[in-house]
Amino acid sequence: MPTRQPMRIRPRRSAGDLLAGLGALTVLLALLGGVPYALLRLAGPPLPPELLDLDLLTSQVGTGTIVAILVLLVWLAWLQLTVCVIVEIYAGLRRVGMPARVPLSGGTQMLANRLVSAVLLLFTVSAVVVPIARAGAPPADRPAVASVALSAPVAEERAPLVPVGKAKKVYVVQPPHGRHHESLWEIADKCLGDGRRYPEIYRLNQHKEQPDGSRLHMADLIRPGWVLDMPDDARNVHIVPATQPRDATLEDHPGRPVELDGRTQNFTPGRPDVPVEVRPEVSRTADPAERRSPRETATGHQPVRDGNVREPAVVANPAAHDPGLGMLDYLAGASLAAAGLLAALGRRRRQQLWYRAFGHRIVRPRDDAAQAELALRLGADAPGSRMLDLGLRLLGRSLAAQNRVPPTIYAAHLSSRTLDLWIHPPDLDAPAPWAAHDDGQVWRLPAHEGRMLDEQALAGAPAPYPGLVSLGSNEGGRVLVDLEAAHGLISLTGAQSTPALAALAVELATNRWSDRMRVTLVGFGEELGVIAPGRIRYAGSLAEVLPELEATAGERGHGGDVLTGRIHGRAADPIWPPHYVLSAVAPTADEGRRLAVLARKGVRTAAGYVVAGDVPHATWNWKITEDGRATVDALGFEVTAQLLPRRHYRALIDLFDTAGRLDGEPLPDEPEPVTQTPSIEVRILGPVEITGPPPLEEGRAAIAVELVVYLATHPGGVHPVVLGGILWPRGVQAVVRDATIARVVAWLGTDSTGRPNLFTDESGRLRLGPEVRTDWMLFRDFVRRSHVDAPLRAVLLEKALNLVRGPMLNGRPPGRYAWLAADDLEYDVTAGVADAAHRLCEVRLAGSEAAGAVAAVRAGLLLAGDDEGLWRDLLRATHLTGDPGRMRAVVEALHRRPGHADGGMAPETEALVDELLPSWRMRSAPSA
């Protein structure tokens, strides 16, 4: 880049500034003092006697009355001007940023703004009043009011002045720190002194292209590395030429601007510090004691008061340093893969419950594995995965009914509004509810139509496009490509090719829009088999799998036969199940040639090949850049790549390893004091309810209720900063967090003694008062008392189970309560309720009360519906009622329960059913 010449701002006011200031002062004095003097001398006071006479309302209006009204209007106009001048002077002297707007005073306030700005130049060079934005004039067109000077060894000598044409202020959005991501509110608070001014930044940057090619469309969605244009009065910013591209700005200023002693400096890692001095004319520098560090808003900590603001180093790869942030960035971002992984995890957890022992809970994940599940819960797009699955199955069934050949889908785009399929050849005749767009090149399914698809009606429809897999995401949603549509070998290059292959493997192995497939992983460890053991196999090298692939290649279908065979229900034929090969090992020249010959049939086959490395004769070339962008040359796509780095891959493996442990963990026995006269009761054993305080407005109730639930189930208390990270895993401004806590304090009120029901203890932790009780506390108290009071055991256990109203926290809003993934609560509650129901069932059966035993078990199944031990209790108790029809209904309910098709039932349960109802297999065979 060419060397930029040092530039200095004018050290003194020019003669033009002095003349303009004196002229403005004269005009202001004339308007503020001369106008009222002239009015008093010539026209009288604002309210002459004519206007004070009540008969004015009924008598005829004369010339004198009209003159009096006109005089009053002139007085009001003068008063409006006076108010505008006062507001502008206050803003200029106090440096409050954008002056307050006086109602109905657009032109008047603009005049006052210009006059006051010129007058203030007579007295100070540091107070610059911000002009009110002119209608229709973009910020870039405003004349520059700043010049930049590079510091030199000689402090006092003046360098020759270099005129500056136009300049602008910009802010570079910084990488996240911990769980906190920067927002426009925080940037406005830090750079403009008031977070409420964030709409100004939004309007300056709306729809402008950023260095990564994306644009700002929503005020709450900004990304690290974006270069934001800032208002003229911004501080803690960079000053660059108005015509400088954003890419050049990012190269020059990749670091975080830090304000020190009235100067803004840019510290760039790995290169000498180049301080950029901002003269008083270009920035209203806050008093050092009032400055806030960029992290203060996120953490609530007070800034350092020793005169030096200590900034954390810029983290080039935050995922490598912060497990929570990395999990959210990668696993939560892979929304379709996250949905498939959660479904697979649920199947594994149900199998764990086959072997759960009384008094034990299943083993829960910890550390990175727990963070991985939290990220999956936050990011999983189950509705999108369902729409993609059912939409494709419906499409295949509709085309089969019309005896049509399905088109090739080479890519798909899934957003919250639509599912778009890019097809070849173009076809304007899309089967309903699909609709053709772009001259038949795109078939679109609206989201509202996708939500209404009947899953039961499509249960037998085959999956026509199992090779669709997420390439990454763009601003609108997720972009998928069909591995089979390449009609040849796919080459994957770039520094992050292995994480990209791992992400492909995980989604292919767990997606719901495929029926039967095999995924062969070359050069991976065998750990991924724990996630989908039925779909994945491993090989150490391509040489191990090439002979088999070459032998079976000739048996596969050709042309449209593959898709036609699938949509007509012939997916069970061994010729049609797809086979995808993902190799993290670059092939040798001979292996590359054999793969290219194997893959390039020129037509669709039930196979796909993705190989790391630059392979000759590849049909598609995917490239993953250093900054995580994915491009496909043949398709013209560029998206944010879906990646699964090694650490996150290991976290997933640990998560599923934990879900495969059958030993269990002992339930904790920690009795808690339970108040018998609560002023507030928190109910979690079913739909969440909080009784006692008045209702909250709907928009604020969800987060307030979750806050109370967390504190009620964690009586040891929690620091507000920690609570913010729990309730807002993606980050939150301190002002929002504190406002929410204050709102909940007011909502919960005080107890019977006048103490707040939510307070901060001496250690700074938030706690609920002693008169706040949960139904879980009461449940545990009843169960604990039942252990030591044999005569009342059945009564106490029944009281405990009467508290259960359904699944724990049933109906909670999507995306909330993700903290349960890394908490003991859900595991303890499920096991505790199942154990209480089992114990009461045994007590009832010992007393020959079969009906009472059935009722006890059904109460436990309301919350612990997947507990296999309770189903066996229900089978025994129902059998003892002597009612065959009732017994058959229980077996059918066990067979139809969610997850049965995936994981079946425990061998012990199946054997018990065979023993108690031998005829069940004959009845269930047709439906199976």
Side-chain angles (χ1 to χ4, degrees), residues 175-181 221 223-224 315 317-349 364-385 414 470 472-473 477-478 496 499-500 502-507 509-512 527-528 530-532 628 640-659 706 710 722-732 812-827:
H177 289 273
R179 295 179 182 271
H180 176 70
H181 296 244
L221 293 179
R223 299 177 182 175
V315 181
N317 181 12
H321 297 265
D322 184 356
L325 173 67
M327 300 301 170
L328 292 182
D329 277 357
Y330 292 106
L331 293 178
S335 55
L336 295 178
L341 286 164
L342 276 185
L345 185 63
R347 293 191 290 269
R348 184 61 60 88
R349 292 261 168 84
R364 79 164 181 85
R366 287 174 170 79
D367 303 325
D368 276 6
Q371 292 297 322
E373 184 175 351
L374 185 150
L376 294 178
R377 293 193 185 194
L378 280 174
D381 183 13
S385 178
L414 177 66
S470 295
S473 60
R478 303 204 64 74
Q496 303 195 63
L504 291 178
V506 165
E507 186 171 304
T510 60
N511 74 56
R512 61 174 287 174
E527 307 95 336
L528 199 59
V530 72
I531 296 178
T640 300
Q642 180 167 292
L643 303 175
L644 187 60
R646 179 65 182 172
R647 179 174 184 179
H648 311 91
Y649 176 87
R650 284 301 322 168
L652 281 182
I653 302 304
D654 292 345
L655 175 61
F656 277 81
D657 277 339
T658 302
E706 184 178 359
Y710 186 85
V722 178
L723 183 64
I726 290 169
L727 299 183
W728 293 275
R730 298 181 186 274
V732 66
R812 57 183 181 261
R816 303 240 52 99
Y817 297 87
W819 50 268
L820 289 171
D823 199 276
D824 291 334
L825 180 65
E826 197 169 23
Y827 298 86

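Taking the charged nitrogens against the carboxylate oxygens, Arg364 and Asp824 do have a contact shorter than 4.0 Å, which makes a salt bridge. We find that Arg377 and Glu826 are joined by a salt bridge, their nearest charged nitrogen and carboxylate oxygen being less than 4.0 Å apart.
Between the side chains of Arg349 and Tyr827, a donor-acceptor pair is found at a separation under 3.5 Å.
The line from CD1 of Ile726 to CG of Leu374 is 10.0 Å long, rounded to the nearest 0.5 Å. Taking CG from Leu655 and CD from Gln371, the interatomic distance works out to 11.5 Å, rounded to the nearest 0.5 Å. The CD atom of Glu373 lies 10.5 Å from the CG atom of Leu652; values are rounded to the nearest 0.5 Å. Note that CG of Leu376 and CG of Leu331 are 5.5 Å apart. Values are rounded to the nearest 0.5 Å. Distance OH/Tyr817 to CG/Leu825: 11.0 Å, rounded to 0.5 Å. We find the NE2-CD1 distance between His648 and Ile653 to be 13.5 Å, quoted to the nearest 0.5 Å.
Annotation for Ser470 and Leu504: closest pair O-CD2, 3.7 Å, computed over non-hydrogen atoms. Closest heavy-atom contact between Gly815 and Leu378: O-CD2, 3.6 Å. Minimum interatomic distance between Ala338 and Gly379 (heavy atoms only, all atoms of both residues): CB-C, 4.3 Å. Of all heavy-atom pairs spanning Ala372 and Ala651, the tightest one is CB-CB, 4.0 Å. The two residues Leu341 and Phe656 come nearest to each other via the heavy atoms O-CZ, 3.5 Å. The heavy-atom pair separating Ala822 from Ala370 by the smallest distance is CB-CB, 3.7 Å.
Not one N or O on the side chain of Glu507 forms a donor-acceptor pair closer than 3.5 Å with the backbone of Leu336. When atom types are taken as modelled, the side chain of Thr510 and the backbone of Val506 share a donor-acceptor pair closer than 3.5 angstrom.
Remark: Gln496 pairs with Pro499, Ile624, Leu643 by the side chain to side chain contact (heavy atoms under 4.5 Å, CB included) rule, at least two apart or across chains. Looking at residues two or more places apart in sequence or on another chain, you find no side chain to side chain contact (heavy atoms under 4.5 Å, CB included) involving Asp367.
Taking the six-membered ring where the residue is Trp, Trp819 and Tyr710 present perpendicular rings, their angle passing 60° and hence far from 30°.
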- Message: Arg650 vs Asp368, test: salt bridge (charged side-chain N to carboxylate O under 4.0 Å, His left out). Steps then yes/no.
- Response: CA-CA 9 Å; Arg650 284 301 322 168; Asp368 276 6; over 6 Å; no

- Task: Step by step, work out the side chain to side chain contact (heavy atoms under 4.5 Å, CB included) result for Arg478 and Gln642.
- Result: CA-CA 10 Å; Arg478 303 204 64 74; Gln642 180 167 292; 2.3 Å; yes

